[in-house]
Amino acid sequence: MSDHRAVAHTHPNGPHPQALPAALLDLLGEGVALFDAQGRCCVAGAPLAALLGCAPETLPGRTLAELLPELPPPDHALLCGALEGHPAALTWHDQARERWLELRATPLPAGGLLCVRDISAERQAELLAARAVERAAQIQTITAALACALTPDEVAGVIVSQAAQAMGAAAGIVALADPDGAALDILAVTGYPDSLIEQYRHLPLVPGTPLTDTALTREPVLIESRAAAAERYPLLAGSHALIELHAWANLPLLLEERLLGVIEISFSTPRRFSSEDRTFLTTLAQQCTQALERARLYAAEREARANAERAAQRTARLQEVTATLAEALTPTEVAATVVQQGVAALGARAGSLALLDPTGATLEVLGAVGYPPELLEGWRCFSVQQTSLLADAVRRGELLLLESPEQRDVRYPGSLRTIAADQAWAAVPLLVEGRAVGGLGLSFAQAQRFSEEDVQFMHTLAQQCAQALERARLYEEAQQARARAERAADRTLRLQQVAAALSEALTPAQVGAVVVEQGMQALGAQVGNVSLLSVDGLRLELLHQIGYSPEELARTWPMPLDQPSPMADTLRAGMLVFVESTDWVAQRYPVPPGWRPTSASVVLAPLTIEGRPIGGMSLGFKEPRLFSDGDRVFVQALAQQAAQAIERARLYEVERAARAEAEAALGVREIFFSVAAHELKTPLTSLLGQAQLFQRRAQREGSLSERDSRSLALVIDQALRLSRMVSALLDISRIDQGRLSIERQPLDLGALVRRVVDEVEPTLDKHRLHFELAGAPLLVGGDALRLEQVLQNLLNNAIKYSPLGGTVLVRAGRQGDRVLVAVADEGIGIPTEALPKLFTRFYRAANVEDSSVSGLGIGLYVVREIIALHGGEVTIESVEGQGSTFTVVLPALV
Ligand code: ADP
């Protein structure tokens with residue numbers, strides 16, 4: 001200040017000591033002081049003294065620097081400018097007293113005026129307002145950043161970074177409460193060393209740390225200094241030493257009373273948390289809460305959408321599975337489809353499908369993907385009692401899940417074989433009518449949380465699989481049934497062929513060939529034979545064979561039946577024997593050293609007729625084989641047919657031999673007949689001729705007694721009879737040799753009949769003979785002698801077979817272009833059954849066989865031949881016991 005200006009000051013010797021009475025200054029609201037030109041205080045009001053913290057009377061005489069020693073020197077210089085005529089004003093932050101002062105210096109004549117005002121309150125308000133604006137801006141920034149954060153991780157990241165920035169914090173943590181509220185899991189961290197965070201990554205919710213206390217009490221925990229921290233959390237003091245932190249703010253994240261988590265903001269200097277800080281932190285926590293909830297909802301929505309998409313995909317996949325399975329015809333195809341689709345749909349690494357074998361004790365792996373071959377090799381079959389997830393699922397008939405190796409270790413402590421890299425497993429049983437027939441197992445490379453849909457999908461897949469397997473089983477059964485039916489039909493056809501072939505086989509050897517060939521073809525045998533029992537029944541003799549080596553043949557046949565052998569036993573038992581493996585033979589029967597069976601399996605069948613063995617057949621196969629019921633039925637039928645055909649062939653042979661013999665015998669007889677008849681005929685003719693001559697002479701001379709005459713008549717009668725018989729025999733021999741012939745001439749049959757009737761009639765005593773002739777002449781073209789023979793024969797028979805007498809009626813007449821002669825008697829008649837055979841030579845009806853009426857049974861035979869040679873026929877009508885009528889019909893001549 002310059003001293004040439006005269007201004008009021010407090011010096012008692014100043015130019016204007018009362019220029020402004022101090023009392024006036026006391027009245028002013030602000031601290032005011034007057035300075036002289038030298039810059040010393042002349043007068044000062046009480047308010048200034050109060051502001052400066054000293055008594056008013058001590059002020060006069062002091063310079064500005066003495067009055068405000070803490071004021072920085074540049075400010076002093078500025079204010080002193082007023083003494084030079086430059087007004088000045090400034091705001092000073094009095095840090096020692098924590099206040100803001102406004103200082104104004106106004107030039108006055110010979111001095112200056114200093115006004116001091118405490119503006120702390122205004123200043124505070126301004127600062128607060130500014131800070132509020134800043135915080136609002138920060139909150140906005142955070143809100144904007146959070147709007148982009150879609151996952152809880154991102155939210156937490158935004159919170160810790162932004163909060164740290166906004167509040168000048170050194171570190172931050174966001175931790176979330178786990179679903180069951182038993183622990184806090186750290187989600188995002190900034191500013192802490194990893195080593196420390198590792199310890200707290202998963203914090204069980206027990207009191208004792210700022211984080212857990214905040215979560216448990218749901219109230220903020222604010223710690224403003226290390227001392228406060230040490231007091232409240234003595235145990236944590238050590239960890240705090242690791243980093244330079246001095247204050248901590250922990251806030252609960254609460255959503256409608258529900259604790260989502262906790263945030264912690266830490267500071268590198270001690271800090272008093274002002275109410276604005278608290279408000280800011282609360283807002284931050286709310287924002288964080290909402291952002292987390294939004295992220296959760298977003299995640300839930302995304303998961304729901306993903307689930308929906310997955311569900312749609314799975315539906316599509318199931319449809320695909322259904323379509324593929326519909327075409328899968330074998331269990332193996334079904335297994336392949338199900339395992340592949342199951343693995344793909346559930347995102348599994350590997351899968352396998354196993355079925356229970358018929359005993360229900362063993363699971364057989366039918367299809368697998370994703371497992372190393374060496375593992376599968378040792379695992380094709382395993383007991384259903386084994387400790388494994390799949391076996392358990394099948395045994396219990398329920399779906400079993402292991403979502404992590406921990407779950408596995410809890411459920412199967414140390415005992416479950418799994419591929420080390422896998423982290424989760426599922427096994428679902430395949431149920432048919434509530435009964436497990438197998439199971440599907442899946443292994444996952446990642447730990448899983450199987451959703452409701454996953455489980456549903458597995459069930460559906462298993463259900464489809466079970467149905468498809470059942471279908472495949474039925475299909476296979478149907479196929480087998482069809483194959484069986486076809487085989488049966490084939491066999492039936494073959495048996496028919498065999499029957500047809502056998503019907504043409506005339507000898508046992510031919511039968512043997514047919515049987516061996518057809519039997520081998522039908523069963524696919526490599527060797528076969530049929531052998532027959534020898535006449536003495538002690539051996540089997542080979543009838544036909546195919547495929548045996550000469551040594552085998554030489555060794556085997558003839559086969560003695562008194563030594564043990566499979567065939568000998570087969571014949572004894574009379575039953576089929578099926579040897580499915582010839583080891584069996586070597587075990588039961590003595591076999592030559594070094595014996596090697598021709599066949600690995602054999603069928604042996606006895607050939608029997610009405611239970612009596614006549615031989616045996618056998619078919620041999622290179623491979624051991626099982627024989628079906630169809631095989632057995634076929635072999636049985638073949639053996640039966642063979643036996644019958646052999647028997648038939650044998651009978652046929654016997655019959656043929658007999659016939660040949662008979663024919664030979666017949667030939668001899670015929671020769672005998674012909675020779676004998678000729679040889680007999682000559683002496684007989686001469687005998688008869690002489691006898692008749694003798695009779696005529698005696699009758700003429702009357703030289704014979706009555707008795708001798710009767711004897712002679714008898715001789716002649718018997719000679720005649722004998723002659724007729726010889727003639728008949730001669731005729732037969734002629735007929736047999738085709739030498740019977742007739743000489744046809746026109747003749748009157750009526751006259752011929754009359755003549756014969758007239759000749760016969762006188763010889764009758766018991767019988768009456770009537771002749772009726774209708775129309776004459778009855779001309780025919782014929783051999784008179786032969787026709788007479790016919791008539792005589794018929795008349796003789798009529799008389800002979802009416803032993804009690806009676807009338808014999810002979811009628812001759814014409815009927816159209818035919819001439820008829822009928823001889824009717826009232827004799828014994830002819831049994832109906834004898835009628836068709838009457839013209840057979842040597843045949844005599846039963847009713848005459850036992851009677852005394854003699855005969856050879858050749859007359860009618862000759863009659864028919866003679867009439868046949870004439871182009872006519874003979875018919876008979878007869879009622880046994882009442883009589884017979886023989887009618888000869890000949891073609892009329894005109
Ligand atoms: P024979 O009279 O020598 O036995 P035939 O050939 O003349 O032989 O007759 C054959 C058979 O026909 C006789 O055995 C007899 O059984 C039967 N027969 C033939 N004529 C008569 C008849 N008139 N009445 C009954 N039976 C007759």
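Atoms within each ligand, like the ligands themselves, are counted from 1 in listed order.
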Atom-level proximity to ligand 1, residues with heavy atom under 4.0 Å: N793, N797, A798, K800, Y801, D825, G829, I830, L838, Y843, R844, A845, V848, G855, L856, G857, I858, G859, L860, S884, F886
Greater than 12 external heavy atoms within 6.0 Å of D562's CG: yes
Centroid-to-centroid, F621 to F627, below 6.0 Å? yes
D569 meets the side-chain hydrogen bond (donor to acceptor under 3.5 Å, both in side chains) criterion, sequence neighbours left out, with R572, Y589
Is it true that the side chains of Q789 and D783 contain a donor and an acceptor less than 3.5 Å apart? no
Quick check: closest heavy atoms across R625 and D631, and the distance to 0.1 Å? NH2-OD2, 2.9 Å
Do you know which two heavy atoms are closest between I828 and P803, and how far apart they sit? CG2-CD, 4.0 Å
